[in-house]
Protein chains: 2
Amino acid sequence: MSTIRDVAEVARVSKATVSRYLNGTLALPPDTAERIDAAILALNYRQNSLALRLSLGSSETIGLAMPDVANPFFAEIADEVELAASERGYGLSLCITRNQFDRESLYVGWLDTQHLDGLILVSNRPDDGSLRALIGQRRNIVIIDEDVPGAEVPKVLVDNVQGGYLATQHLIQAGHRRIAHVSGRPRGLFTVQERCEGYRRALAQAGIAFDEALVCFGSYEREFGATALAGLLALPSPPTAIFAASDYLAVGMLEALRDRAVNVPRDMSIVGFDDMEFASLLMPPISTMRQSARDLGRTDVDMRKSIDALSYLVEPLLAQNPRLGQPVRVCRPRPHKGEVSVLGSHRVRSGTRGSNRGISHHPHRSHSAGLHSRNLTLGLKGMELPAREPHRTIAVARVS
Amino acid sequence: MSTIRDVAEVARVSKATVSRYLNGTLALPPDTAERIDAAILALNYRQNSLALRLSLGSSETIGLAMPDVANPFFAEIADEVELAASERGYGLSLCITRNQFDRESLYVGWLDTQHLDGLILVSNRPDDGSLRALIGQRRNIVIIDEDVPGAEVPKVLVDNVQGGYLATQHLIQAGHRRIAHVSGRPRGLFTVQERCEGYRRALAQAGIAFDEALVCFGSYEREFGATALAGLLALPSPPTAIFAASDYLAVGMLEALRDRAVNVPRDMSIVGFDDMEFASLLMPPISTMRQSARDLGRTDVDMRKSIDALSYLVEPLLAQNPRLGQPVRVCRPRPHKGEVSVLGSHRVRSGTRGSNRGISHHPHRSHSAGLHSRNLTLGLKGMELPAREPHRTIAVARVS
DNA sequence: CTGAAAGCGCTAACAT
DNA sequence: ATGTTAGCGCTTTCAG
């Protein structure tokens, strides 16, 4: 490979001139410009990005650290983040933590070694303070999906309480009184806690007593769905509906129910959580709380564009758009097809996803092919996020 | 952040000494070593990876270019590749091409700019020669999943002919005579061509005439599954079974069949292709040809370890293991749970995936919850891949 | 054993 | 408008 020096020699100018010309910081007389262009072409010159980055002191790369990318929920986030990053000329380093602290630690360390300019962190463990300490005062981390309490960085989290509330309410409105809740572990996980809190609120509002026997905490995985289900069915008075805190859980339950020849939704109603894209591929499709992985991914990178907390990463972008320090709307997602996006307020309407014409609010009634499916769509809630307040939380809640 | 220079000053030695000590190329007297250690600790020194990489002329990063990572099939590959890369100390740059040539081109270019040391390329377009030309003589690319004809680089491809053959044979053995085939587009895509070829072979072998009306090429996507199905059902003499060239296609068909209240598998049998992890979550679970995304990912990075075609990437690894130029077995995957892995030969046995006890070979008979499910497992075929023959193809074929 | 110095390829003052 | 020079932080000859 040829270097800028070769180009300079061939074009009979200095390295600096070539460099400035290439970066557009200089208007050259046509003849010199042409000589340089010709040299570049002749030598098939390409900027060495390593040297560039060393010189600039920035890797032009952001990291996305998540427990697992084979899980469709995370994969969707990754897809969206990659898009946002590449649109801005950033590379994306994929960092799979497999839920281990030492791996999270490794990747956070990459921020110091210039390996990464910024890090999008999806942790899925309850933090004992180590991760928070590790994050420390860093200004180039964004936390999404699961909170790391105490960490003073921008966060993009889902309104899990609201989600749990709506899911449960959905079942109550369908006539259920005995509603179980199956969720992850440990209970200390914010997503677990909050979804459960929403569940309790909905019950309370409907005057249904909370029954400890009807809630199980184990994991968000499929396997636990089956286990939990067995336990619930063995109760003296089993539930008629279940709010599962993840779609994977719901799937595990569906499998177990199928094995026991229990008809869904006739004999058991289920609401999931996550709205992974494949949820609608299930037969029967289950209701699920939508927390859009794509919005989590997208919103997050929008933040980078506007918050000076991420100044390290954002400086080059701000340079082009010097409204520095002004409050900016950070969460302005386009509405998805068939949805109404309501900024700043919640509004519920019936959705259009899937083949759910002839929607029935009663789970014991079903349409066309004997399936139960009802969608709610809750608009995104956008918030003004003033500069200099990097650790406020953006709630993105959706239901479908 | 402190630099090696700071460390040197505090430890009262030269930069060079620190550098060599850190790289283990030097044994130091205990006292000097201690001084350096202390300085590193005190200053919280970390190697700047940008500088390191510029100096070394290698980015210690490989790229994974794929059309889409939200698709579970690709996501599984990504997961596996990340694991392999991180185990070897490489970073992984995720490059989503969205099936556009200019994006593929961009990422291939990163090999020249030192941005990437190696590239794992998953293209999903039929190549008109541009991509092949772009790849040219580069020695640090590996192609997986879909062939780029003419490109002389290592490839990890599935034996699609065999896959199509087995899928079709499965249906024939179940008693079907009118079997449709629905696949992607354009027909020029190798995966499309080969799977169809396998389909034809199986038909021929069973003495069933090939009927043009029963094959549809459109796309691997779900939507086309529904479209194609409508066409097939409208035929004067519709098929009783379908071999779908992707699981997404099969899912689209299942949905369409459900809408028409056609019972699967009683009135229509379907075999898919890919064995995405979520395939078994479908209800009813469909039979599917297993081409293990994970094996594609894993095998590939194993190749990097042993083939000198990838010398650029592999040199640091070979340095530790100087059996340079020796033939190495590159494809030695561990058998999955419940499977028999047969190197160098094919063997069929009944599998153990899912809840398929009481397997029925007849699609019109079904077990427990009224579902049709039959699994075949074909062992991996491993090949000796001699050094200096980087562009031989490894066939990984599995069925389940 | 250890240090001085050159160099990786580029950018960015500072000159001219 | 262009050249000169000094770094960016590290590794690696080459000397001592």
Side-chain angles (χ1 to χ4, degrees), chain A residues 1-37 39-40 43-61 109-117 312 315-316 319, chain B residues 1-36 39-40 43-60 109-117 312 315-316 319:
Chain A
M1 284 304 297
S2 47
T3 74
I4 198 175
R5 187 199 162 114
D6 303 325
V7 174
E9 272 176 17
V10 171
R12 300 193 311 279
V13 291
S14 75
K15 283 173 16 176
T17 303
V18 178
S19 169
R20 281 178 294 214
Y21 174 58
L22 254 38
N23 298 318
T25 49
L26 178 62
L28 283 183
D31 56 327
T32 2
E34 262 171 39
R35 283 210 314 282
I36 295 180
D37 286 337
I40 287 177
L43 295 166
N44 188 27
Y45 166 76
R46 323 283 272 284
Q47 251 179 340
N48 179 319
S49 71
L50 253 29
L52 177 75
R53 287 142 75 155
L54 174 60
S55 215
L56 258 33
S58 137
S59 62
E60 312 254 84
T61 298
W110 282 4
L111 291 169
D112 300 329
T113 64
Q114 308 272 61
H115 195 124
L116 298 178
D117 285 349
Y312 200 172
E315 253 153 23
Chain B
M1 285 303 297
S2 48
T3 74
I4 198 175
R5 187 201 163 112
D6 303 325
V7 174
E9 273 176 16
V10 172
R12 299 193 310 281
V13 291
S14 75
K15 285 173 15 178
T17 304
V18 178
S19 169
R20 281 178 292 212
Y21 173 59
L22 255 38
N23 299 317
T25 50
L26 179 59
L28 283 183
D31 55 327
T32 354
E34 263 172 38
R35 283 209 315 280
I36 295 181
I40 288 177
L43 295 166
N44 186 28
Y45 166 76
R46 325 282 271 289
Q47 251 182 340
N48 179 319
S49 71
L50 253 29
L52 177 75
R53 287 142 76 156
L54 173 61
S55 217
L56 259 33
S58 138
S59 62
E60 311 255 86
W110 283 3
L111 291 169
D112 299 328
T113 64
Q114 307 271 63
H115 194 124
L116 297 178
D117 284 349
Y312 200 170
E315 253 152 23

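Chain letters run A, B, ... following the sequence lines, proteins first and then strands; every chain starts at 1.
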Output the distance between atom OG (Ser58(A)) and atom CG (Leu50(B)), rounded to the nearest 0.5 Å.
8.0 Å

Net bend of the helix from dC1(C)-dG16(D) to dT16(C)-dA1(D), end axes of five pairs each, nearest 10 degrees:
40°

What's the shortest heavy-atom distance between Ala8(B) and Val18(B), and which atoms?
CA-CG2, 3.9 Å

Starting at CD1 of Ile36(A) and ending at P of dT2(D), how long is that distance when rounded to a whole Å?
8 Å

Shortest side-chain distance from Thr32(B), nucleotide among dT2(C), dG3(D), dG9(D)
dT2(C)

Given protein heavy atoms under 4.0 Å, the one-letter contact record of nucleotides 10-16 of chain C, with B base, S sugar-phosphate only and - none, is simply BBBBB--

Separation of dC10(D) C1' from Gln114(A) CD (nearest whole Å)
13 Å

Check Ser59(A) against His115(A) and note the closest heavy-atom contact, atom names and distance.
OG-O, 3.1 Å

Pairwise side-chain contact, Tyr45(B) with Leu22(B), heavy-atom cut-off 4.5 Å (strictly under):
yes

For Leu28(B), answer base if it contacts any base atom (sugar-phosphate contacts may also be present), sugar-phosphate if it contacts only those atoms, and nothing otherwise; contact means non-hydrogen atoms under 4.0 Å.
sugar-phosphate

Flag the pair Thr113(A) / Leu52(B) as yes when at least one side-chain heavy-atom distance between them is below 4.5 Å, and no otherwise.
no

Atom CG of Asp6(B) and atom P of dC8(D): how far apart are they, to the nearest Å?
10 Å

Heavy-atom side-chain contact between Arg53(B) and Asp117(B) under 4.5 Å:
no

Nucleotide dG9(C), atom P - distance to CG of Leu43(A) in whole Å
14 Å

When the distance from CD of Glu60(A) to P of dC8(D) is rounded to whole Å, what number comes out?
19 Å

Donor-acceptor list for residues 27-35 of chain A side chains, cut-off 3.5 Å, not counting sequence neighbours:
residue, atom, partner, partner atom, Å
Thr32(A), OG1, Pro29(A), O, 3.0
Arg35(A), NE, Ala11(A), O, 2.8
Arg35(A), NH2, Ala11(A), O, 3.2

To the nearest angstrom, how far is Arg53(B) atom CZ from dT12(D) atom P?
16 Å

Indicate the atoms forming the closest heavy-atom contact of Gln114(A) with Asn48(B), along with that distance.
CG-ND2, 3.2 Å

For His115(B) and dG9(C), what is the distance between atoms NE2 and C1' respectively, to the nearest whole Å?
16 Å

Side chain to side chain, Asn44(B) and Arg46(B), heavy atoms closer than 4.5 Å:
yes

